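Below, all heavy atoms of this structure are taken into account, side chains as well, without hydrogens, waters or symmetry copies. Per chain, numbering begins at 1; letters A, B, ... match sequence-line order. The shown structure was predicted, so the numbers you read here are calculated from the model rather than taken from an experiment.
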There are 2 protein chains.
Amino acid sequence: MKEQTSLKAANLIERIGRLIHAEEQKGALNPAQWGAMRYLERANRFSRTPAALADYLCSTRGTVSQTLIALERKGYVARRPSTRDRRSVTLELTEAGHARLAQDPLHTFATHIEAVGAEDELERALSAVLGEAIVKNGSKSFGACATCRFFRRNANAGDRQAPHRCGLLDVALSGEDARRICVEHEV
Amino acid sequence: MKEQTSLKAANLIERIGRLIHAEEQKGALNPAQWGAMRYLERANRFSRTPAALADYLCSTRGTVSQTLIALERKGYVARRPSTRDRRSVTLELTEAGHARLAQDPLHTFATHIEAVGAEDELERALSAVLGEAIVKNGSKSFGACATCRFFRRNANAGDRQAPHRCGLLDVALSGEDARRICVEHEV
DNA sequence: CCATAAAGTATCGACTCGATACTATAATGG
DNA sequence: CCATTATAGTATCGAGTCGATACTTTATGG
């Protein structure tokens, strides 16, 4: 019976995912493009690259490259060459991109979650399930910088602008940096 | 803060949906094809049509038509003309189709839900959220026949094979019929 | 009988996605 | 220092999704 219930729950997630997917198609962007926009809004400066985006979207560099061409053509994303790696580019939401995100279809869906008062329960359970799936899959967690095992709070306290530090990349981090999600995040 | 939490939960569903989506691409079928197979396994005889499938998948008749061509070519689905409507066709999983469904990637995901022991909680919360989204969307519920407002338990008790009845379609229903999901389901 | 609606199919264009091949740059190890 | 190898990004191909539209066949309701 347990297996029945968990399979039902999995089916529900898949089906709700499909509803969201369909909702996302209606507007100016498609699901992959919405996903990319959301990621670029939340990712820190080390993580706004095509490769990291591909990992986040469970896609490939090739596909993401195409998605970014579409978003750049629509004026929502800008590319600029990376300063630290001349092979790499850094992605940035434009003003129009931020404005477009205000119409994110996911907001509508969030109101449905609130309407049944399931937000706390769902947030907890789904976080746990996602964590489990990520471990079993060997995928990346993309958690907030401040929750990472490499995060060193106030390790750079002399710098008022960037008081923290990343023990992996060995760079100073601002409070804003620490709140964003990171491709290198590990629990 | 409530809005924050519900948006987080919505993001989690979207992200987990993406993980499942990626997992589904790996095997012999793609996500839409897996969705169609799952539906055809669970749908009652009145609901195994391209149009009903399109509603279930939040897609269109045109797209589903293409999906069915692919599944028929792979030998997992058979079409036969409907007896009650000569415009319509009835879809059926083949033996190979049932066998293929044993490798449904969703089973793997269900084990992750069990691993964190969240199946009961998730099943309840997600059902409620899906119900809310369906109402607000005007989508169809696709619930089990026996939970429908048109279901008349034992209204045909004289017939041992089909003791129940559908008040909408006005047909006799077997116990098996009553357990399956239906395109006409209403709460 | 006729108008209208509905079921299914076919086709077009934009896009996703896996796979592959390619260029440019970085990192590593003699 | 240089050759090897790995990585970042791009380009391209084929299969498939998806929305949109047009079309045929059949139901249905005056």
> OP1, OP2 of C/dA7 versus side-chain N and O of B/R48: anything below 4.0 Å?
Replying inline: no
> Is the side chain of B/H164 donor-acceptor paired with the backbone N or O of B/R152 at a distance under 3.5 Å, no angle test?
Replying inline: no
>> Counting only heavy atoms from other residues, nucleotides and ligands, does the tally under 6.0 Å from CZ of A/R42 exceed 12?
In response: no
>> Heavy atoms only, 4.0 Å cut-off, all strands: where does A/V89 land among base, sugar-phosphate and nothing?
In response: sugar-phosphate
>> Once you apply a heavy-atom cut-off of 4.0 Å, does A/R84 come out as touching a base, just sugar-phosphate, or nothing?
In response: nothing
>> Rounded to whole Å, please give me the gap between CD in A/Q25 and P in C/dG13.
In response: 19 Å
>> Return whichever of A/G62 or B/D85 has its heavy-atom-nearest nucleotide of DNA chain D closer to the 5' end.
In response: A/G62
> How long is the line joining NZ of A/K26 and P of C/dA14, in whole Å?
Replying inline: 23 Å
>> Taking only side-chain N and O atoms of B/T63, does any of them lie within less than 4.0 angstrom of OP1 or OP2 on D/dC18?
In response: no
>> Just the rounded figure in Å: distance from P of C/dC17 to CG of B/N30.
In response: 11 Å
> Which residue lies toward the 5' end of DNA chain D, B/Q66 or A/S88, if each is placed at its nearest nucleotide?
Replying inline: A/S88
> Base, sugar-phosphate, or nothing: which does A/R61 touch, judged by heavy atoms less than 4.0 Å apart?
Replying inline: base
>> Between P on C/dA14 and CD on A/E72, what's the gap in Å once rounded to a whole number?
In response: 18 Å
>> If I take atom CG in residue A/L68 and atom P in nucleotide C/dC15, what distance separates them, rounded to the nearest angstrom?
In response: 13 Å
>> Quick check: any donor-acceptor pair below 3.5 Å linking the side-chain of A/R87 to the base of D/dT7?
In response: yes
>> In terms of relative ring orientation, are A/Y56 and A/F142 parallel, tilted or perpendicular, with 30° and 60° separating the classes?
In response: perpendicular
> What is the distance from CZ of A/R18 to P of D/dG19, rounded to the nearest Å?
Replying inline: 12 Å
> Is the shortest side-chain N/O distance from B/S82 to OP1 or OP2 of C/dA7 below 4.0 Å?
Replying inline: no
> Roughly how many Å is it from CG in A/L29 to P in C/dA14, rounded to a whole number?
Replying inline: 16 Å
>> Is the shortest side-chain heavy-atom distance between A/F109 and A/E23 below 4.5 Å?
In response: no
> Got B/R84 and B/V171 here, is their nearest side-chain heavy-atom distance under 4.5 Å?
Replying inline: yes
> Could you state the CG-C1' distance from B/L169 to D/dA27, rounded to the nearest angstrom?
Replying inline: 16 Å
> Which is true for A/S59 with a 4.0 Å heavy-atom rule: it touches a base, it touches only sugar-phosphate, or it touches nothing?
Replying inline: sugar-phosphate
> When you check the phosphate oxygens OP1 and OP2 of D/dT17, does a side-chain N or O of B/Q33 lie under 4.0 Å from one of them?
Replying inline: yes
>> Nearest to the B/H21 side chain among D/dG16, C/dC17, C/dC15, which nucleotide is it?
In response: C/dC17
> For the side chain of B/P50, counting heavy atoms from C-beta on, which of C/dT25, D/dG9, C/dT9 is nearest?
Replying inline: C/dT9
> Between B/K136 and A/T108, is there a donor-acceptor pair closer than 3.5 Å when you use the side chain of the first and the backbone of the second?
Replying inline: no
